[in-house]
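For reference, the structure discussed in these notes is given below.
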Amino acid sequence: MHELPKHYDHAAAQARCRTLWDAGRYWHAEPGDAKGGRPTFSIVIPPPNVTGALHLGHALNNTLQDVLVRMKRMQGFVTLWMPGTDHAGIATQAVVERRLLEEEKLSRHDLGRERLVERIWAWKEQYEKRILGQLRDLGASCDWDRTRFTLDERCARAVREAFFRLFEKGLVRRGKRLVNWDTFLQTAVSDDEVFHEEVKGHFWHIRYDVIDPRPGEPASVTVATTRPETLLGDTAVAVHPDPSAALDAAEAALREKLAAASVKEQPPIAAEIESIQARRTELLPALLKLAAMARDGRQVRLPLLGRTIPLVADEWAKPEMGSGCVKITPAHDPNDYDVGLRRSLPMINILNPDGTLNTEAGPYAGLTIRKARERVVADLEAAGQLEQVEDRLIDLAHSDRSKTPIEPYLADQWFIRMAEIADPALRAVEDGRVAIHPARYAKSYLDWLGEKRDWPVGRQLWWGHRIPIWHVSGVSETDLAAAFAGRDDVRWRKADDSDAFFVCSTSESLGVDAVAGRPLARDPDVLDTWFSSALWPHSTLGWPEKTAELAAFYPTTTLVTSRDIITLWVARMVIMGLFDTGEIPFKDVAIHPKILDRYGETMSKSKGNGVDPLDVIEALGADALRFGMASMATETQDVRMPVEFQCPSCGHMIEQTVQNRTKPRIDCPKCAKPFRTQWAQTPDDLALPRGPAVSERFEAGRNFSNKLWNATRFVLMNLEGYAGEDCSNGIPAGSLDALEDRWLASRLATVTAEATAAIETYRFAEAARVLYAFAWDEFCSAYLELCKPRLADPATRRQAQSMLLLGLDTILRLLHPIMPFVTEEIWQHLREAASLRRMPWDGAGRAESIMVAAWPSPPSTWVDATTERRFGTFLAVVGSIREIRSRQNVPPKTRVEVALRCSADLAALLSPMAASIESMAVATVGAIGPDTVSPPAAAGATAGGVEVFVDLAGLIDVEAEIGRISKENEKLVGLIAAKKSKLESGSFAEKAPPAVVAKEREQLAEMQGRLEKAVATLAALRGRS
RNA sequence: GGGCGAUUAGCUCAGUUGGUUAGAGCACUAGCUCGACAAGCUAGGGGUCAUAGGUUCGAGUCCUAUAUCGCCCACCA
């Protein structure tokens, strides 16, 4: 006999399974296998950044992908899950640079481009290994032989080719753009890499004097700014061209808002209206004059530098705000930049790339922004130009990567024109070729893409794909044509604003030093990380080569990702996939929720509210983590996950709160022993045992693993004498005479269909719930219990063994995508102990691993609603006996005498089940049939049309029974009254569909019958007491 | 400012096109060491489905408003 340990050992099982899977390479996909018409299924992993370790979001994302991939593989698809990591340009370089500065006090310039890139590669090797290891720990069945990296040679080739094609079509341009400049990393960053944070600041009111004011004209204008140092780059002061009309419009808008506002919102709006009215008398006359002066082309003097700058009329200056006038610094403010373009103003860049001021700033050149601000303010004050200083909270843009303030900065940038290439991507989602699940997320995709904003792709970094462009000046079109004659891997284009040429090539090196004696200079920029990410589905498969992989697996089937990168990544993949290959990159996009902590905050390492997936894997097992993840993957937007610290000494769970989550050590309130957290710094703290941050939400999965393990343990303990099935359809000889066997077969067919459909439509939580409930409540609690007496009887033993194996094996296969380790471990035990078993859906031979076992496909003829209903009656009878026992405080081992009154039909059904009732309810079943008479002292109940009598003679607490029945009757009377009034109200019976009405009547009759009987029982009991 | 979503048991969440007496896990209460499983078994308590209106024979489910919370996007001299 094959006996298992009492507890499932997840650590040992995980190690064994990984060895087995790697030995068999079951995760590997060969494109050649798809030739015989076998369907394919492919997924590319959203490549994790090599900046660090995987977090719970990754665990969720990858669990869901693996669930899909494992099911499809078992269903016989040629299944590819492409793994890989992302070089994450700016993020990775920032991390490495910061460490360099902290540990060696070196900047990237001290090291130089080549050596810095070497350092980053070393970092990448280390973290990539760790990340891939974590994915394996999670059980991800990626095709490890194909692991890619967004910066590897294959991806680089695709990047050069894609860029080249964009360049060739004139979609890559270079021009002046106002960018978010990160002065620490000295690169432009995209809007997506910027976060806003409120900081305390000031609002400075500065007076600019009008040049040669005429009588009756204002002698000065006052403007307000939070960044006084930018006045050094001012090239105008703006006033609204028609301040009177603008005030009217502002007031009208406010009045409209006031009318629609709630009572609570009204006062501040009313105050705003008042302030506008006040402005009409206090400010408007001056503004009107200024507007007229602006039309006359009058000028003001820039304080400190003394330059003369024009007064311009522009709608951007809002008369209802501030002084009504605004300084214009086109090179350092996005709105001012627009004004500058509209009014053809000069644009003066006052910053060096490192954030110090350049020579345009005159005496302030060389100062940092902070120092310059102090000096400018002091000098303004000394000059008497500073009118007022207010304290104010400022929403300041910071770089996501360096955490330093962003400076808007005018610079030459590469960008990709979206106008032409966005349309096909819009259409692909509009017409459903790319389907987003849940569908509501399609809106953010379409909205974002509809704006068709140019994509700035250059980054002034060293870590990334170098832009495949060379600059050359002083040459002619003819020189270039001569130099690159016969080369179709080279294209060039004249710069828009100079006589230089840009030369683009798909080759890594152009192979020439000079064109007509002029040197070629490689562009120093690298591409935005998202550029290589956008190519990920086709670049990993070998594009632009016409590889077998590309033919077999592209377009991929499904992309699984979280909602925050729908625009950044999903949309760009669709754009580039269509542009490069003419085909969509994937058919389905499955969006999954974000995991938040108990307060609804996003998890992050810096907040200290995160959970390390490896802690969960270690403490509860990878299957527990995965089951929890699948259960959380509902269609709602976020999932809250309360986090606890687990005391390493006593196992006690300590709720993680805002107060304790950043403490380096915590004293366990139960055992009083201290443990350390991720924040431990001092040697004393570091010496303590570590208390992992976990969540009780994963315990259900751990318990479920153990439940499956023990169900298996039971089956294996009872396999003696098992000789395999002797019929070809997998259903044991003797067919399905027993009700419970027909029921099991029916349930297996139903549950298989439900679970399969749920996974196929990305309802992972539904799949987890259905399988959990079936395995636990139906297979273990009901079927397994029923088998106990049958296994003891030689006449039924063999049938029970076969059916137990059928049920267990099916459950294992259905659960394998969600819980691969425990199901594989059990599978291997079954291979050993029950090698003769054969499932109806198995072909010849037996799978060495459950990974490649056939997905169950019970015939729909197994589904039998009548049997399921009847079995429900049986379970209800057992349930009501148990309930009576419990209420009567009958000791668990004491048998009770039971009689059942029911129709002849039901009696025929229940009689063969008597032994089962006896074993499940610790009872002795007496009479069953229509003529059954209630014992004189009995506790009664009605269950699915069966009257259950438990003889209480000698055991009972009659008063308790009277109390219970009375209480129940009260409830029943209420329900009956409600139902009656509903049926008799007239309108219900007239208007509701007949089927619904009939059902209601049926229920009413049943309730009334039940009540009558209960009243009779009550009378009998009262008579005795 | 624009868009999207959430509000159901103490906690975390399900709840299909409107139709039995609204479910699960955890937590709670009582009882249980019988050879599958105490990470378990049996039974139980606990919900005017955020609030106010409306549509309907019938609303957790549909509509309108309100409140609270969250996310995305844009903007803030």
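Here is the naming used below: chain letters follow the sequence lines, and residue numbers restart at 1 for every chain.
Arg702(A) comes within contact range of at least one nucleobase, with a heavy-atom separation under 4.0 Å. The residue Ala711(A) sits close to a base: some heavy atom pair falls under 4.0 Å. Here Thr225(A) lies in heavy-atom contact (under 4.0 Å) with sugar-phosphate atoms only. At the heavy-atom level, Arg453(A) lies under 4.0 Å from the strands shown only through sugar-phosphate atoms. Nucleic acid contact class of Met1007(A) (heavy atoms, under 4.0 Å, all strands): base. Thr567(A) comes within 4.0 angstrom of no nucleic acid atom, judged by non-hydrogen atoms across all strands. Nucleic acid contact class of Gln1003(A) (heavy atoms, under 4.0 Å, all strands): base. Ala238(A) comes within 4.0 angstrom of no nucleic acid atom, judged by non-hydrogen atoms across all strands.
The phosphate of C4(B) has neither OP1 nor OP2 within less than 4.0 Å of any side-chain N or O from Arg563(A). An OP1 or OP2 oxygen of C37(B) is reached within less than 4.0 angstrom by a side-chain nitrogen or oxygen of Arg713(A). Between Thr634(A) and A14(B) there is a side-chain N or O to OP1 or OP2 distance below 4.0 Å. Taking 4.0 angstrom as the limit, Asn710(A) places none of its side-chain polar atoms (N or O) nearer than this to OP1 or OP2 of G40(B).
Nearest nucleotide to the side chain of Lys443(A), out of G70(B), C4(B), A38(B): C4(B). Comparing U12(B), A36(B), G31(B) by their nearest atom to the side chain of Lys788(A) picks out A36(B). With G40(B), C37(B), U12(B) as the candidates, the nucleotide lying closest to the side chain of Trp776(A) is G40(B).
In this structure, Arg207(A) contributes its side chain and Thr222(A) its backbone to no donor-acceptor pair below 3.5 Å.
Interface remark: the Glu785(A) side chain does form a donor-acceptor pair with the A36(B) base, using a distance-only criterion of under 3.5 Å. Lys707(A) contributes a side-chain N or O that forms a donor-acceptor pair with the base of C37(B) under 3.5 Å.
Just one of Phe774(A), Tyr772(A), Tyr8(A) meets the ring-ring contact (aromatic ring centres under 6.0 Å, His included) condition when paired with Phe704(A); it is Tyr772(A).
Here the side chains of Val890(A) and Val896(A) are in contact, with some heavy-atom distance below 4.5 Å.
Both tests pass for Lys788(A) against the ring of Phe714(A): distance under 6.0 Å to the centre and angle within 45° of the axis.
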